[in-house]
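Here's the structure we're looking at; comments come further down.
Both ligands and their constituent atoms are indexed starting at 1 by order of listing.
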Amino acid sequence: MKKFIENLPKAELHLHIEGTFEPALMFEIAQRNKIDIPFKSVEEIEKAYQFSCLQDFLDIYYQGAGVLIHEQDFYDLTYSYLKKCAEQNVRHTEIMFDPQTHTERGIAFETVINGISKACKDAEENLNVSSYLIMSYLRHLSEEDAFKTLKQSLPFKEKIKAVGLDSSEMGNPPSKFKEVYKASVEEGYIPVAHAGEEGPPEYIWEALDILKIARIDHGNNALKDPDLVKEIVKRDLAMTVCPLSNTALQVVKDLKNHPLRKMMDLGLKVTVNSDDPAYFGGQVNKNYIEIQKALDLTQEDLYQLAKNSFKYSFLPSDIKQKYLLELKNYYKSWQ
Ligand code: ADE
Ligand code: ZN
């Protein structure tokens with residue numbers, strides 16, 4: 001099974017670039033930028049990565065991102081993740097980045113987007129991994145702040161595919177960002193949002209009806225509302241599920257209790273993703289491997305999950321078909 005997963009062609013649809021910051025690279029960049037971080041060793045970092053909820057994690061995640069200063073830092077971070085994609089047979093990835101985490105510290109939007117997008121371009125040429133960028137608004141900040149970010153992004157519009165919503169969910173419902181999502185869509189960005197990771201089903205309803213999202217990030221709490229599940233199925237919206245993130249942030253108790261199998265049985269279009277792999281103990285393949293073991297998923301289930309990852313990506317349909325055919329041939333070769 002492990003080998004089947006490792007070579008399975010797949011796309012990753014839920015990944016925060018700031019969440020790919022491995023301790024070794026963090027130390028290296030901190031040192032070259034002469035920034036102190038409150039950890040002396042990889043062991044100390046690993047000890048700090050014990051979270052009881054989303055906010056616990058976010059506090060450490062924003063602190064780590066604080067060592068990123070120059071375009072080269074953003075390039076190195078992104079290229080390092082894209083190399084891991086190539087190693088895992090991730091053929092396409094849709095990467096979230098949080099501009100406000102950096103602009104709030106006085107880093108220019110341009111520095112962030114140029115570093116990330118240059119790495120994406122180089123990876124497409126050298127590693128055969130394609131990527132899109134999802135600019136995510138931080139929901140703990142105001143809608144006015146999000147509007148500023150939208151404005152800053154416009155000169156770089158052709159480098160950005162979609163807008164997302166992340167950070168502290170409780171108390172920051174999707175409706176808070178109604179106008180900025182409307183404006184973002186008018187600018188040509190596809191809307192997605194984190195919803196129902198810790199927040200109630202009502203937040204998912206708002207993301208659907210008010211933000212009019214094309215894909216749901218997480219969405220676990222949809223299962224508390226059967227009408228919502230029906231509506232998500234009816235609208236054919238995919239959910240980007242992140243098993244190891246869910247256990248690390250105690251959204252689910254353990255993988256044996258993970259609702260992924262149930263979601264699939266209900267007809268929900270589920271994909272498997274890593275979210276913040278440097279913080280949650282595993283890249284996307286580890287997420288597939290661990291959830292397969294915990295829920296005893298079959299090769300056919302894994303094939304379905306990988307199919308969803310291409311089908312519900314934002315790739316144009318001819319490229320999707322190309323990847324889906326490659327995947328089908330791979331699956332057949334194992335039967
Ligand atoms: N930012 C990075 N990872 C996140 C997550 N899992 N939920 C909300 N915001 C995030
Ligand atoms: Zn996320």
Side-chain angles (χ1 to χ4, degrees), residues 11-22 26 48-66 68 74 77-78 81 93-104 112 116 132-141 145-146 149 162-174 176-177 191-200 203-204 206-207 211 213-222 238-252 258-260 270-284 287 309 312:
E12 178 151 56
L13 304 182
H14 185 155
L15 179 282
H16 301 263
I17 199 61
E18 293 87 353
T20 68
F21 212 175
E22 295 291 343
M26 195 184 288
Y49 289 5
Q50 305 287 333
F51 313 113
S52 62
C53 62
L54 175 60
Q55 193 58 49
D56 239 25
F57 152 70
L58 289 168
D59 294 341
I60 288 202
Y61 162 89
Y62 293 127
Q63 192 177 59
L68 299 162
F74 291 94
L77 175 69
T78 308
Y81 162 66
T93 175
E94 305 196 340
I95 301 175
M96 286 183 249
F97 70 111
D98 294 340
Q100 289 156 296
T101 298
H102 314 294
T103 53
E104 284 241 304
V112 180
I116 296 173
Y132 285 150
L133 296 180
I134 303 174
M135 174 175 79
S136 297
Y137 301 123
L138 296 182
R139 69 201 306 158
H140 66 275
L141 300 178
D145 264 330
T149 304
V163 290
L165 188 63
D166 61 7
S167 192
S168 322
E169 188 177 11
M170 296 308 288
N172 297 297
K176 180 177 162 187
F177 297 91
V192 302
H194 283 55
E197 181 184 18
E198 288 187 339
Y203 282 21
I204 309 179
E206 285 191 7
L211 305 187
I213 53 169
R215 203 162 66 201
I216 305 167
D217 290 319
H218 296 295
N220 298 40
N221 284 338
M239 306 207 313
T240 62
V241 173
C242 307
L244 293 176
S245 162
N246 291 160
T247 49
L249 301 184
Q250 306 197 28
V251 167
V252 300
H258 197 282
L260 180 133
V270 179
T271 65
V272 170
N273 309 273
S274 69
D275 203 2
D276 299 283
Y279 293 89
F280 301 150
Q283 303 290 325
V284 65
N287 277 270
S309 76
Y312 294 94

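No N or O atom of Ser245 sits closer than 3.5 Å to an N or O atom of ligand 1. For Asp276, a nitrogen or oxygen atom sits less than 3.5 Å from a nitrogen or oxygen atom of ligand 1, counting backbone and side chain alike. Ligand 1 has no nitrogen or oxygen under 3.5 angstrom from a nitrogen or oxygen of Asp98.
Those atoms of ligand 1 with a heavy atom of His218 less than 4.0 angstrom away are 6 (N). Of all atoms in ligand 1, listed by their number and element, those nearer than 4.0 Å to a heavy atom of Asp275 are 3 (N), 5 (C), 6 (N). Set against the non-hydrogen atoms of Glu197, the atoms of ligand 1 under 4.0 Å away are 5 (C), 6 (N), 7 (N), 8 (C).
Metal site remark for the Zn ion (ligand 2): Cys242 contributes no N, O or S atom at a distance under 2.8 Å. Taking 2.8 Å as the threshold, His218 does not count as a candidate ligand of the Zn ion (ligand 2), since none of its N, O or S atoms lies below it.
Aromatic rings from Phe57 and Tyr49 are positioned such that their centres are separated by 6.0 Å or more.
Using the six-membered ring where Trp is involved, His194 and His16 have ring planes that are tilted, between 30° and 60° apart.
Within the structure, ligand 1 lacks Glu18 among the residues with a heavy atom less than 4.0 angstrom away. Heavy atoms of Ser167 come nearer than 4.0 angstrom to ligand 1 in at least one pair.
Looking at every heavy atom in both residues, Ile17 comes nearest to Phe97 through CG2-CB, 3.9 Å.
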